[in-house]
Protein chains: 2
Amino acid sequence: MREIGPGELDPYQQGCPTRRILDLIGGRWTVLIVGALGSATLRFSDLLRRVDGISQKMLTQTLRALERDGLVIRTVTAEVPVKVEYRLSAAGLTLTEPLKALELWSIDHFAGIMAARRDHEIPDST
Amino acid sequence: MREIGPGELDPYQQGCPTRRILDLIGGRWTVLIVGALGSATLRFSDLLRRVDGISQKMLTQTLRALERDGLVIRTVTAEVPVKVEYRLSAAGLTLTEPLKALELWSIDHFAGIMAARRDHEIPDST
DNA sequence: CGGAATCCGATTGGATACTG
DNA sequence: CAGTATCCAATCGGATTCCG
């Protein structure tokens, strides 16, 4: 994939908004983390538990990216054991709507897709 | 990532519909291909041109996956140079709606995100 | 508690060459 | 035209260890 400069912005191809946002939420974890946060405020360890299967590395990495892009707000409270909380920003909160639509679609079409996948090729039915 | 059997379906964790669908449309190309197709019928070479930057390998691979899952229909016409056309199935067509919502969100928030990313750390302002 | 750092296997995906 | 096949570099991402 070509590198695209900061000021550059192709008409409607490589560097179009959709493409760049797709790179942002492209990871398997981003969407799940945003969904887990919703309108709640969660600690690092909470997220680690709620987003089942994520490693601490990926959680950190994804949260950092979301924070950098202004979708997640990180708050550190300097207590004895450090307390770090994450919540969606106003912008991040707006993202939950289209994602919710996608989630509903997934639930609606899950069975159909799995059926299509199963039927796609019955290895050998003589 | 653990493997999940066909009949298995965790309550709301690893194997939930959203998770599996995310794996499906997770690739950077799936969404773009579905968007390129829309309600149109396109040939392989058309798609190769419209989805800017995709390699022929990834186009084939992604189309195969979409076909397997019943979202895309592949039609072969045995002419002298073979003609292969792709279009969205009824199910595939329903996917364009939530994706469109996501696209609108991207356009709306693109500038803001890029700004946040830029401001996130001014390397050194003395 | 909330990470950072390192190691390293698995997967992704482009480039290229060949085929019916 | 519409692929298939192979090679290989880069990235992803889990496991583990260490730190303030």
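Lettering of chains follows the sequences in order, A, B, ..., and the numbering in each one begins at 1. None of the values given here were measured: they were computed from a predicted structure.
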message: Can you see if the side chain of B:R64 gets near the phosphate of D:dT4 - specifically, an N or O under 4.0 Å from OP1 or OP2?
response: yes
field: Residues A:D46 and A:R43 bridged, charged N to O under 4.0 Å
entry: no
message: Nearest whole Å is fine: how far is D:dC12 P from A:L24 CG?
response: 13 Å
Short side-chain N/O contact from A:S55 to OP1 or OP2 of D:dG13, under 4.0 Å: no
message: Looking at every heavy atom in both B:S39 and B:L93, which two are closest together, and how far apart are they?
response: CA-CD1, 4.2 Å
statement: Here the distance between atom P of C:dG2 and atom CD of A:Q61, to the nearest Å, is 18 Å
- line: Against the side chain of B:Q56, the closest entry in C:dG3, D:dT4, D:dG13 is D:dT4
field: Under 4.0 angstrom between B:T60 side-chain N/O and D:dA2 OP1 or OP2
entry: no
- request: Send over the distance from B:E85 CD to D:dG3 P, rounded to a whole Å.
  value: 12 Å
task: Please figure out whether A:G27 or A:V82 has its closest DNA chain D nucleotide nearer the 5' end.
output: A:G27
- request: Using whole Å, report how far CG of A:D46 lies from P of C:dG3.
  value: 12 Å
message: How many whole angstroms separate atom CG of B:L59 from atom P of D:dC1?
response: 14 Å
- request: Using the closest heavy atom to pick a nucleotide of DNA chain C for each, name whichever of A:K57 or A:K83 lands nearer the 5' end.
  value: A:K83
- prompt: Base, sugar-phosphate alone, or nothing: which one does A:E79 contact when heavy atoms must sit under 4.0 Å apart?
  reply: nothing
- line: When rounded to whole Å, the CG to C1' distance for the pair A:L63 and C:dC1 reads 15 Å
message: Rounding to an integer number of Å, can you tell me how far B:I54 CD1 sits from C:dT12 P?
response: 15 Å
- prompt: Okay, side chain of B:T62, backbone of B:L59: is any donor-acceptor separation there less than 3.5 Å?
  reply: no
message: In this structure, how many angstroms lie between the P atom of C:dG2 and the CZ atom of A:F44, rounded?
response: 8 Å
query: Using a cut-off of less than 4.0 Å, is there contact between a side-chain N or O of A:Y86 and OP1 or OP2 of C:dG3?
result: yes
- line: Of the listed D:dG3, C:dG2, C:dG14, the closest approach to the B:M58 side chain comes from C:dG14
Residue-phosphate contact under 4.0 Å: A:R43 side-chain N/O, C:dG2 OP1/OP2: yes
task: Work out which heavy atom in A:S89 is nearest to a heavy atom in A:G70; give both atom names and the distance.
output: OG-O, 2.7 Å
- prompt: What nucleotide among C:dG14, C:dC1, C:dG2 has an atom nearest to a side-chain atom of B:W29?
  reply: C:dG14
- prompt: Does the pair A:E103/A:K100 count as a salt bridge with the N-to-O cut at 4.0 Å?
  reply: yes
- prompt: Hey, is the side chain of B:R28 poking within less than 4.0 Å of OP1 or OP2 on C:dG13, counting only N and O atoms?
  reply: yes
